[in-house]
Amino acid sequence: DGGITQSPKYLFRKEGQNVTLSCEQNLNHDAMYWYRQDPGQGLRLIYYSQIVNDFQKGDIAEGYSVSREKKESFPLTVTSAQKNPTAFYLCASSKRLAGGSGSYNEQFFGPGTRLTVL
Amino acid sequence: ELKVEQNPLFLSMQEGKNYTIYCNYSTTSDRLYWYRQDPGKSLESLFVLLSNGAVKQEGRLMASLDTKARLSTLHITAAVHDLSATYFCAVQGSARQLTFGSGTQLTVLP
């Protein structure tokens with residue numbers, strides 16, 4: 001079955017630690033995204049990548065880092081510089097963002113990782 | 001900057017009743033998406049609306065898009081308990097990224 005997997009499902013971090021969240025997809029999608037969701041709120045874009053070895057900052061990139069060495073994988077590192085990292089993190093993917101009137105960016109989401117700072 | 005506003009944020013409705021969720025956005029776009037999220041779960045794609053006047057229906061849910069008014073609606077017909085969830089709209093901006101609304105938490109009461 002094609003899909004997006006995220007691990008771990010739950011993650012606990014001590015203050016001052018870096019932690020890495022995994023995201024893998026086998027949908028053959030070119031674009032991948034990381035979002036943060038806080039309780040009772042919508043999703044905010046952290047980073048996105050449209051192609052291997054390239055990524056761009058989203059709206060709230062400070063304190064986070066990513067890599068895109070393989071098409072299937074887009075790990076997110078939450079660094080100690082992120083002062084309030086407790087949140088639900090969602091990874092998504094979509095087909096390549098082509099131009100033209102027929103293009104659209106329907107994103108498909110993984111199950112999420114819930115990060116808590118102790 | 002693209003802003004997306006949903007209302008209401010919270011909605012309690014009786015089974016069998018009809019209601020509409022509204023999604024307003026601030027800049028021109030003809031790409032709008034509706035997602036459903038169950039508590040503690042991920043987002044599930046419901047509808048993709050790609051032009052002015054687009055209407056999509058699936059079961060008791062119907063979504064529409066009016067790009068001139070910068071408004072999308074999600075209409076619920078004869079609600080049932082299984083529809084209880086949080087519904088998000090997302091608008092595709094000029095950079096082709098999605099901006100999400102804050103979500104509407106729907107509770108269907110027996």
Side-chain angles (χ1 to χ4, degrees), chain A residues 3-7 9-10 21 23 25 27 29-51 55-61 87-114 116, chain B residues 1-11 21 23-26 28-52 54 56 63 65 67 72 85-107:
Chain A
I4 304 173
T5 58
Q6 290 185 242
S7 63
K9 186 174 182 180
Y10 299 97
L21 284 58
C23 177
Q25 55 96 3
L27 299 169
H29 284 169
D30 288 291
M32 297 186 74
Y33 312 83
W34 275 105
Y35 291 93
R36 169 180 172 142
Q37 185 179 31
D38 292 284
Q41 297 188 31
L43 279 65
R44 292 183 290 168
L45 182 63
I46 305 172
Y47 268 98
Y48 64 100
S49 168
Q50 297 186 33
I51 197 167
F55 48 83
Q56 286 78 40
K57 293 181 179 180
D59 299 321
I60 56 164
F88 188 45
Y89 289 86
L90 288 159
C91 177
S93 70
S94 68
K95 294 179 182 179
R96 189 184 185 110
L97 294 176
S101 60
S103 70
Y104 61 96
N105 186 13
E106 184 182 15
Q107 297 181 11
F108 298 90
F109 287 81
T113 292
R114 194 165 299 279
T116 302
Chain B
E1 181 188 352
L2 173 59
K3 295 189 185 300
V4 179
E5 186 175 298
Q6 279 183 244
N7 66 83
L9 298 182
F10 299 93
L11 176 58
I21 298 171
C23 175
N24 292 274
Y25 55 98
S26 61
T28 301
S29 177
D30 60 359
R31 300 285 188 267
L32 192 134
Y33 309 82
W34 283 97
Y35 289 89
R36 168 182 171 144
Q37 184 179 38
D38 292 299
K41 303 293 186 182
S42 187
L43 274 69
E44 172 192 356
S45 180
L46 292 175
F47 299 110
V48 178
L49 302 170
L50 301 178
S51 61
N52 184 41
K56 295 278 184 76
L65 178 61
T67 60
S72 180
T86 299
Y87 294 86
F88 291 94
C89 65
V91 180
Q92 183 172 324
S94 57
R96 291 178 287 190
Q97 303 312 314
L98 301 188
T99 299
F100 285 79
S102 298
T104 296
Q105 186 176 317
L106 171 66
T107 303

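Reminder, nothing fancy here: chain letters follow the sequence lines and each chain counts from 1.
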Output all residues satisfying salt bridge (Lys or Arg N to Asp or Glu O under 4.0 Å) with A/D38, sequence neighbours left out; order by chain, then residue number.
A/R36, A/R44
Relative to chain A, which segment of B/Y35 carries a heavy atom at a distance below 4.5 Å: side chain, backbone, both, or neither?
side chain
Please report the shortest heavy-atom distance between A/R114 and B/G40, naming the atom on each side.
NH2-CA, 3.8 Å
Max heavy-atom pairs within cutoff under 4.5 Å with chain A, candidates B/Q6, B/E44, B/Q37, goes to B/Q37
Checking heavy atoms, do the side chain of A/Q41, its backbone, both or neither come under 4.5 Å from chain B?
backbone
Looking at B/Q92 and A/N105, would you say the former's side chain and the latter's main chain have a donor-acceptor pair under 3.5 Å?
yes
Chain B contacts, top residue of A/G58, A/G110, A/A92, A/G40 (heavy-atom pairs, under 4.5 Å)
A/G110
Before you tell me yes or no, could you show the steps for A/Y35 and B/L98 under side chain to side chain contact (heavy atoms under 4.5 Å, CB included), namely the whole-Å CA-CA distance, both residues' side-chain angles and the distance that decides it to 0.1 Å?
CA-CA 11 Å; A/Y35 291 93; B/L98 301 188; 4.2 Å; yes
By salt bridge (Lys or Arg N to Asp or Glu O under 4.0 Å) - contacts of B/K3 (at least two apart):
B/E1
Interface moiety of A/L43 toward chain B, non-hydrogen atoms closer than 4.5 Å:
both
Rounded to the nearest 0.5 Å, how far apart are CZ of A/F108 and OG of B/S42?
12.0 Å
Test side chain to side chain contact (heavy atoms under 4.5 Å, CB included) applied to B/Q97 and A/Y33, step by step:
CA-CA 10 Å; B/Q97 303 312 314; A/Y33 312 83; 3.1 Å; yes
